Number of protein chains: 4
Amino acid sequence: MRDKTDQIIRAAINVFVKKGFLQATTQEIAKEADVAEVTLYRKFSTKQNLFETVIKKVLENQFQTKIIKIAEENTDSFFLKILDDRLETLSKNHKMIKMLLAESLMGNLSNDLNFPVLIFNGLKKGIQLHFDCMNINANVELVAQQIGGILLSNVLFINGAPYFELTHEEKKVILNHHLQSLKANL
Amino acid sequence: MRDKTDQIIRAAINVFVKKGFLQATTQEIAKEADVAEVTLYRKFSTKQNLFETVIKKVLENQFQTKIIKIAEENTDSFFLKILDDRLETLSKNHKMIKMLLAESLMGNLSNDLNFPVLIFNGLKKGIQLHFDCMNINANVELVAQQIGGILLSNVLFINGAPYFELTHEEKKVILNHHLQSLKANL
Amino acid sequence: MRDKTDQIIRAAINVFVKKGFLQATTQEIAKEADVAEVTLYRKFSTKQNLFETVIKKVLENQFQTKIIKIAEENTDSFFLKILDDRLETLSKNHKMIKMLLAESLMGNLSNDLNFPVLIFNGLKKGIQLHFDCMNINANVELVAQQIGGILLSNVLFINGAPYFELTHEEKKVILNHHLQSLKANL
Amino acid sequence: MRDKTDQIIRAAINVFVKKGFLQATTQEIAKEADVAEVTLYRKFSTKQNLFETVIKKVLENQFQTKIIKIAEENTDSFFLKILDDRLETLSKNHKMIKMLLAESLMGNLSNDLNFPVLIFNGLKKGIQLHFDCMNINANVELVAQQIGGILLSNVLFINGAPYFELTHEEKKVILNHHLQSLKANL
DNA sequence: GATGAATGAGGATTCATTCAT
DNA sequence: TATGAATGAATCCTCATTCAT
């Protein structure tokens, strides 16, 4: 039984990512999951509910931050690791992210699943922690916005290769650029 | 006759902004425009077509940049004016922007209407121009991404008051913060 | 003004023949006639009316029989000339005929425009006349049906070249075949 | 479940025969079948599809010929039986036939459902078979056309009572007439 | 006489969801 | 638990026709 549930969730992820919430149909999801459409309703009662379940699952599994663990490292290392880690994750889940952003923007996601908000709050908390550790007195809000902006622009303004496919050197250039920017206001 | 067309466009803007492309119905638009649904089809032939017409119009009227005009000013002034101008516009059209972003992310917008792409390319061109004027040798792509990120984060991470409602002083703090960041890599 | 009316009728013939009554749209006819859609309504008040006008016109111009003129010729000549004349006309107006038949079958044509009925009655009258002249005592109804059948089968069962494109010899074979059949019951 | 499907098919036959393909509405069919309109779409996916399914079914059930079985009988018997059998069937399904013909003429039927073509080919095959058996050397094409014509004229030129309601004597007159015609060219 | 603008009515089709087994 | 069958509600769109100029 767990089996069918998993099949449905996997299928739902695919279809939602490919089509978005509104254009995904329970029919297609059921078909992709190789399950009767009703089965899906038995388990999730509602398309919206299935969607949220899926999102929750994804958010837990793919986008956990370890930001707190590194809060105590020195500032350069802290920023570099955050940026590298997040850019890696975002670029690897590009399509998923786009969908999450889109659905957040359309208001289809309850606040505890709102992707940009989650990112932003996560960043703020981590940065606050680090600044406390390091006794830095700077505008947490703005720094968080700055880092968030860097991340977003990597999702929305992509031309060339995604971050995770860059060479070590190329990544270093980018990371360093952003690091300088961030340190300019400390 | 222009009259009804305008009514329709105005209504369409409202409804599309409020609901997004998929959930907006031609019926609702017609009703809000106080026009028979058919009239709308006579004039725009298709919901998609109406949508694109509306977007095009909005993009022309609301989001024209004067970035080129200020490319020759000194770097501080250049960055500050861009940021201030864009933040003002974006924050004033917050809901519209969200819709534009969402639809772009969902792939409902042909490339010449793709909002983030348009912003990013506009920024790049302006920055390139300025750097040429000033004989600055820096990574245009990354600077554009940086500015783009700042703008995006103001759309997506808003908690408090929107930019355009801030006091002169508050704006100054923000602008200055970002200016320092930008100059760190020149 | 006659001008526009004629344009409309010509266009209507084309479109009705191409699409049939139901699938022809007044829009398409107007466009093909290079006339505003309303103009068509000014002149014909109704799609049905336009259709009937067109049919009437076509029936008068294209399908007039001279069957009465030849009623006095000898029987062989009479039958041969009828068959040849009708087959020539029908094969030259193949698409039009198909449309007329179809619309008759669908009941879209008032009785005085009902194509098969018109043909059948015309045949009966001519045959009766001829039989009276020649003092032949035979079943007019059945002979008319027979000739009608020959004509219909040439419209509906066409494989090869249409009648009017055949050589003189080929036509002769066909005509003779049918002549023998017809004479078998006199 | 077969139940509802059958209800729909029966209703569809009625409505299509009464109104033709274009003017029949899925709504009316659903209503007559006492079924929700959607149910019809679940089962047949498309109005066109439903139509073709219905036609196929009708063609199989009502218009099967046993022409091959009688190919070996003597010529008189062969022709008489064909004519009688087909005239009986056609006259009993007069409205259905009219619809089938009309839709064929309008080009709404794929070739394997094209009614006149099916009839004609059936006739040709049977006649060929018979001629082979009997060592008759005659123009199969023309004979098939002739028989086809007889049948068609009985569908299209009806005034009086339909064939199947005639007395034995009346039928005999008609059949004999046509038999003489047919034999005239052997 | 001709037309641009507008519309009421209706049609096929799709979707999320429920019922009964 | 799983599902085949059924559906109410809605959506985009088309068409013949009328109004006002």
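The basis for the numbers below is simple: all heavy atoms, side chains too, and nothing from hydrogens, waters or symmetry mates. Predicted model only: the values in this text are computed from it and were never measured. So that the names make sense, note that chain A is the first sequence line, chain B the second, and so on, each numbered from 1.
Comparing dA2(F), dT7(E), dT7(F) by their nearest atom to the side chain of T39(A) picks out dA2(F). Out of dG8(E), dA16(F), dT3(F), the shortest distance to the side chain of A36(A) is found at dT3(F). The side chain of T26(A) has dA16(E) as its nearest neighbour among dT17(F), dA16(E), dA12(E). Listed candidates were dT18(F), dC15(F), dG8(F). Nearest to the side chain of T25(C) is dC15(F). Checking dT18(F), dC13(F), dC15(F) against every side-chain atom of K47(B), the shortest atom distance belongs to dC13(F). Of the listed nucleotides (dT13(E), dC15(F), dA9(F)), dC15(F) has the atom at the smallest distance from the side chain of Q27(C).
For the pair K4(D) and dG4(F), the criterion of a side-chain N or O lying under 4.0 Å from OP1 or OP2 is not met. Side-chain N/O atoms of T46(D) include one lying less than 4.0 angstrom from OP1 or OP2 on dT13(E). Between dG4(F) and K43(D), no contact under 4.0 Å exists linking OP1 or OP2 to a side-chain N or O.
Place S45(C) and V35(A) on DNA chain F by their nearest nucleotides, and V35(A) ends up nearer the 5' end.
With both pairing distances under 3.5 Å, dA20(F) is matched to dT3(E) as a Watson-Crick or G-U wobble pair. dG8(E) is paired with dC15(F) under the Watson-Crick or G-U wobble criterion, all donor-acceptor distances under 3.5 Å.
At a threshold of 4.0 angstrom between heavy atoms, the contacts of A24(A) are confined to the sugar-phosphate backbone, with no base atom among them.
Electrostatic pairing of E37(A) and R42(D) counts as a salt bridge here, judged by a charged N lying under 4.0 Å from a carboxylate O.
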